[in-house]
Amino acid sequence: ISLIQTGQAIYRIAANAMDAIEQNPNMAGADKKTWVLAFVKSVVQDMGENWQDYASLITEFIDKIKAAYNAVKSLFN
């Protein structure tokens, strides 16, 4: 159960970081992703977790969330 709670917290942190960086109009999408990954990595390491256990999962999460966002956005443009 602890592993599930930790994973949920990390995904929540990633989503919040994505929301926060989205407000920065001066950064390109790839730069925003790099920033989010660096931020989440620092939090994961501060939690005493192994970043390598989460890196590919968080990268995939970001890609899927962004793809879903772009798909919905395209419906209104």
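These numbers were taken from a predicted model, which means no experiment stands behind them. Each residue takes its place number in the sequence, starting with 1.
- The two residues Trp35 and Ala17 make their nearest non-hydrogen contact at CZ3-O, 3.7 Å.
- In this structure, Gln52 and Asn50 approach most closely via the heavy-atom pair N-OD1, 3.0 Å.
- Taking NZ from Lys33 and CD1 from Ile58, the interatomic distance works out to 11.5 Å, rounded to the nearest 0.5 Å.
- In the hydrophobic clustering of ILVMFWY residues, with side-chain heavy atoms under 4.5 Å counting as a link, Met27 and Tyr69 come out apart.
- Heavy atoms only, all atoms of each residue included: Ala71 and Ser74 are closest at O-OG, 2.7 Å.
- Atom NZ of Lys41 and atom CH2 of Trp51 lie 7.5 Å apart (nearest 0.5 Å).
- Looking at heavy atoms from C-beta onward, Val40 lies in side-chain contact with Ile10 at the 4.5 angstrom threshold.
- At least one side-chain heavy atom of Tyr54 sits under 4.5 Å from a side-chain heavy atom of Thr6.
- If you take OG on Ser42 and CG on Leu37, they are separated by 11.0 Å, rounding to the nearest 0.5 Å.
- One distance of note links CD1 of Ile62 with CG of Leu57; it measures 11.0 Å at 0.5 Å rounding.
- Closest non-hydrogen pair, Lys32 versus Ile21, comes out as CE-O, 3.7 Å.
- The minimum heavy-atom distance linking Ala15 with Phe61 is given by the pair N-CE2, 4.1 Å.
- Considering only heavy atoms from C-beta on, Glu49 stays 4.5 Å or farther from Asp53 through its side chain.
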